[in-house]
Amino acid sequence: MMEKAYDPKKYEADIYRRWEASGFFAPEARPPWADNPGPDTREPYTIIMPPPNANAPSHVGHALGYTIQDILIRWQRMRGRRTLWLPGTDHAGFETQVVFEKKLEKEGLSRFKMTREEFYQACWDYVQTNKHISEEAIRRLGASCDWSRNIFTLDPEIIKVVYQTFKQMYDDGLIYRGNRISHWCPKHQTTLSDLETKYEERAEPFYYFKYGPFVIGTSRPETKFGDKYVVMHPDDPRYAKYHEGQQINLEWINGPITATIIKDQAVDREFGTGVMTITPAHDAVDFAIAERRGLDIEPVIDKRGKLLPIAGEFAGRKILEARSKIVEKLQAKGLVDHIDKKYQHNVQMCYKCSTLIEPQIVPQWYVAMTKPLPGGRPSLRDLALQALDKKEVEIVTERFAKIFRHWMENIRDWPISRQIWWGIPIPVKYCGDCGEIIIDVIGSVKKCPQCSREQLTPDPDTFDTWFSSGQWPYATLLANDAKQGTQTLAQYYPTQVMETAWDILFFWVARMIMFSYYRTGKPPFQKVFLHGLVRDKDRQKMSKSKGNVIDPLGVIDLYGADALRFALIFSTAAGNDIPLAEDKIKGMKHFANKVWNIARYITGIGDGHVIPAPVSFPRKRESTGVNSSGNPVPASDWIPAFGGDDKWTDADKLILSQLNQTITDVTDNLENFRLHEAAQTLYDFIWHEFADKYLEASKEQLKNEALKNSTLNNLYFVLATSLKLLHPFMPFVTEAIWGEMYGKERLLIVEKWSSSTDESEVV
RNA sequence: GGGUUCGUAGCUCAGUUGGUUAGAGCGCCACAGUGACAUUGUGGAGGUCAGAGGUUCAACUCCUCUCGGACCCACCA
């Protein structure tokens, strides 16, 4: 006899253990109803799990992704696909280092007081702890991933793959080391990519200074010390009397200087006075002009954001405090023309700490995005664009495909080195003698191959974390093959679906596509399915500081994993952000309980004995228990527990045709990634058609001896089929009921997905 | 500056290629007292589908504009 209410806590842990022990999470295990002997002919279905960052336990946003992936995987497993869902963890270089440094700070420590080795070890330990917490949360949610293939981005086998790619790209001329201007975070002491900065609109004074015969505009007086070029548009009639290269002596901040006139099209005649001085070492546009014209490039600001000796009396001061002092001095010298106090402009900041970005010239490693591959093949960027054109990769929801294209078309070279310690070191050594650059994939090079000297200096930088995670789809498979001596890459690549949050479309998805074509010649996945961000009930982004973070484990404790899963996908279209209110989760717990009580009612009919086998709809065909090839007959094809000559009532016919429609709709919705529709269809059918209507009708029918057998048959059949359909969405409660009905030895996880029954059979 | 997207019941959202009385959850109102479930059932109130115009036999759905909101990318000294 089933208990009066479904208590997730009593079942979930045990059920997960049974699933895991059954081996069905691994693709190799075949369902009992599949043709067992002989080679495995099942078609593979692979999802590589986006590896959660190792810097924090997972939150409810991750839960959404795992739920979607688990639904797809469970569904395909029940359909007889050879499903591989490969879990892993990302060391998340910069992100993790930032989090860990904050933690150190709280403890009164700092990485600048530690050796690199000490820091790395401490961070490693910290990450291991988080990793285990995250993995536990994934289990609690019911994710049916293959833990035997679990992998970490810092596993040696992964690093090896990453290094091989680096070397190959270097040899192909796609990776180069450049002394270029880049986004520098003075707090974190590292370069950032375009994607790792953010902008904020601010109103700041805009100063107009007298610069010899000109008036120049600037928002950054503190950079003006090195300015010895004054630039204007070649066609600007206001400055026609000046010519290129003309030298002008003028009084400036720290005394007289000589300025050289440059005429360049980069100047916007409409902006300010149409004349500017340039600071090539600290401004991207200025740098571009200087590089193009071969001008001197002189640093003014150091890496910590302080002025260099070129600033004279201001040297050593922080830029912001120096700014007002410099303006004061210029004012005293009568060099301030006027000040626009309400100038609106965007300032660029570090996306992690909001420190103002200070453009700096730092040697960095770059990946060329638009340079053709050797042999006249398309560039990395074009490979990705072609993948979309040829539909080898399909981004579900056209709007994301548009955004993707737009970004790809405007992509710039990707700086992949970071001045941080946590991550994969760049496998390069420099010869102190002859300057040779040595790519050392296995760390075995001891002397310079050029001059044979042993004065080798390792590159101090680490990779941008996306350089490794961008290779994740094939790296995980290759690394597992290296570990276990298998050949999974050949079997499971390209993968079928990449399911992830839309906010890492550029960071991650774009790079995976480029890397994959480069290294394997194949797409990494056929479909990209993007989900939205989980927000709180007021649509606010969840964050620790706002205190509105929903902890998935707390929710699971209260309402059960099924309720959380269902709430996450119910009634939210793909890609849209999801407002998650506690009421919604509670409502879904009620649904799980409803399903439980439907089963409790049906199994309790009569003398309360559970009917041992699923029943069939509506064929009453005899079965010997084995099929023509001698294998056990699938349970759903077994003969009905009740035979006889009962007639179908209108209620019988209605529920069976509705069930048929539900099977069709749910399957169709899943095929097209409309998980929310599938969930809603099931909810409506099970609760409002099956429970509210048919169950009520059945109470009368069961009193009629002539209808009793067929009614029971139908109740069992509709229930069993509903459990199968609902299982991918609510795996625990359905498995729990299945166990109550048919025994724990028979797992719902590998029951056969129902296919629609021919309508003509309903008579 | 370029681009994307949204505006449907009090709230949060569905509505798949245009096709009969526009749906759900929560909330609200009335009734039902427990042999599946009160984590329930039955019934009900509540929407000019932001506004205007256009295409069409037919528009929540397609096109244009207006109003209002969200977001992404780029970034000019």
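Throughout, protein chains are lettered first and strands after them, A, B, ... in sequence-line order, and every chain is numbered starting at 1.
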Do A:Asp652 and A:Tyr694 have side-chain heavy atoms sitting under 4.5 Å apart?
yes
Between N or O atoms, less than 3.5 Å apart, protein on one side and nucleotides 15-21 of chain B on the other: list the pairs.
unit_1	atom_1	unit_2	atom_2	d
B:G15	OP1	A:His676	NE2	3.4
B:U16	O2	A:Arg674	NE	3.0
B:U16	O2	A:Arg674	NH1	3.2
B:U16	O2	A:Arg674	NH2	2.4

State whether the distance check finds a donor on one side and an acceptor on the other, under 3.5 Å, for side chain A:Glu3 versus base B:A36.
no
At less than 3.5 Å, do the side-chain atoms of A:Lys594 and the base atoms of B:C37 form a donor-acceptor pair?
yes
Rounded to whole Å, how long is the line connecting atom [atom1] of [X] with atom [atom2] of [N]?
X: A:His590; N: B:A24; atom1: NE2; atom2: P; value: 19 Å
X: A:Phe591; N: B:C37; atom1: CZ; atom2: P; value: 18 Å
X: A:Ile686; N: B:C37; atom1: CD1; atom2: P; value: 19 Å
X: A:Leu533; N: B:C6; atom1: CG; atom2: P; value: 17 Å
X: A:Phe690; N: B:C37; atom1: CZ; atom2: C1'; value: 14 Å
X: A:Phe404; N: B:U5; atom1: CZ; atom2: P; value: 17 Å
X: A:Glu582; N: B:U12; atom1: CD; atom2: P; value: 18 Å
X: A:Asp692; N: B:G25; atom1: CG; atom2: C1'; value: 15 Å

Determine whether a donor-acceptor pair (N or O, by modelled atom type, separation under 3.5 Å) exists between the side chain of [X] and the backbone of [Y].
X: A:Asp286; Y: A:His282; answer: no
X: A:Thr273; Y: A:Val215; answer: yes
X: A:Glu201; Y: A:His345; answer: no

Side chain to side chain contact (heavy atoms under 4.5 Å, CB included) partners for A:Glu3, two or more places apart:
A:Lys10
Ignoring the backbone of A:Arg399, work out which of B:G25, B:C37, B:U4 is nearest its side chain.
B:U4
Per atom distances to the A:Lys4 side chain, the nearest of B:U39, B:A38, B:A24 is B:A38
Write down the distance separating the [atom1] atoms in [N] and [M], rounded off to the nearest Å.
N: B:U61; M: B:U55; atom1: C1'; value: 14 Å
N: B:G41; M: B:G25; atom1: P; value: 10 Å
N: B:A50; M: B:G68; atom1: C1'; value: 8 Å
N: B:G33; M: B:C49; atom1: P; value: 41 Å
N: B:C65; M: B:U5; atom1: P; value: 14 Å
N: B:A45; M: B:C31; atom1: C1'; value: 15 Å
N: B:A59; M: B:G15; atom1: C1'; value: 14 Å
N: B:G18; M: B:U34; atom1: C1'; value: 49 Å

Taking the six-membered ring where the residue is Trp, are the ring centres of A:Phe206 and A:Tyr208 under 6.0 Å apart?
yes
Distance flag, aromatic centroids of A:Phe404 and A:His406, threshold under 6.0 Å
no
Using a heavy-atom cut-off of under 4.0 Å over every strand shown, decide if [X] touches base, sugar-phosphate, or nothing.
X: A:Lys693; value: nothing
X: A:His282; value: nothing
X: A:Asp503; value: nothing
X: A:Asp583; value: sugar-phosphate

Are there runs of at least three consecutive Watson-Crick or G-U pairs touching RNA chain B, with each pair's two distances under 3.5 angstrom? Give them by first number.
B:1-7 with B:67-73, B:10-13 with B:23-26, B:28-32 with B:40-44, B:50-54 with B:62-66
Charged N to carboxylate O below 4.0 Å: is that the case for A:Lys699 and A:Glu696?
yes
Between A:Glu222 and A:Arg323, does any NZ, NE, NH1 or NH2 come within less than 4.0 Å of an OD or OE carboxylate oxygen?
yes
Reading RNA chain B from 5' onward, which residue's closest nucleotide shows up sooner: A:Gly587 or A:Ala691?
A:Gly587
Can you confirm if the NZ or CZ of A:Arg180 lies within 45° of the ring axis of A:Tyr366 and under 6.0 Å from the centre of its six-membered ring?
yes
Using a 4.0 Å cut-off on protein heavy atoms (strictly under), produce a 5'-to-3' string for nucleotides 70-77 of chain B with B for base contact, S for backbone-only sugar-phosphate contact, and - for none.
--SSBBBB
Quick one: is B:C37 close enough that its OP1 or OP2 comes under 4.0 Å of any side-chain N or O from A:Arg600?
yes
Looking at A:Ile569 and A:Leu675, what are the two nearest heavy atoms and their distance?
CD1-O, 4.1 Å
Name all residues meeting the ring pair (Phe, Tyr, Trp, His ring centres under 6.0 Å) criterion together with A:Phe314; count only those two or more places apart in sequence or in a different chain, and write none if there are none.
A:Phe225
Could you label the plane-to-plane angle of the A:Trp687 and A:Phe591 rings as parallel, tilted or perpendicular, counting under 30° as parallel and over 60° as perpendicular?
parallel
Would you please name every residue forming a side chain to side chain donor-acceptor pair (under 3.5 Å) with A:Glu298, sequence neighbours left out?
none
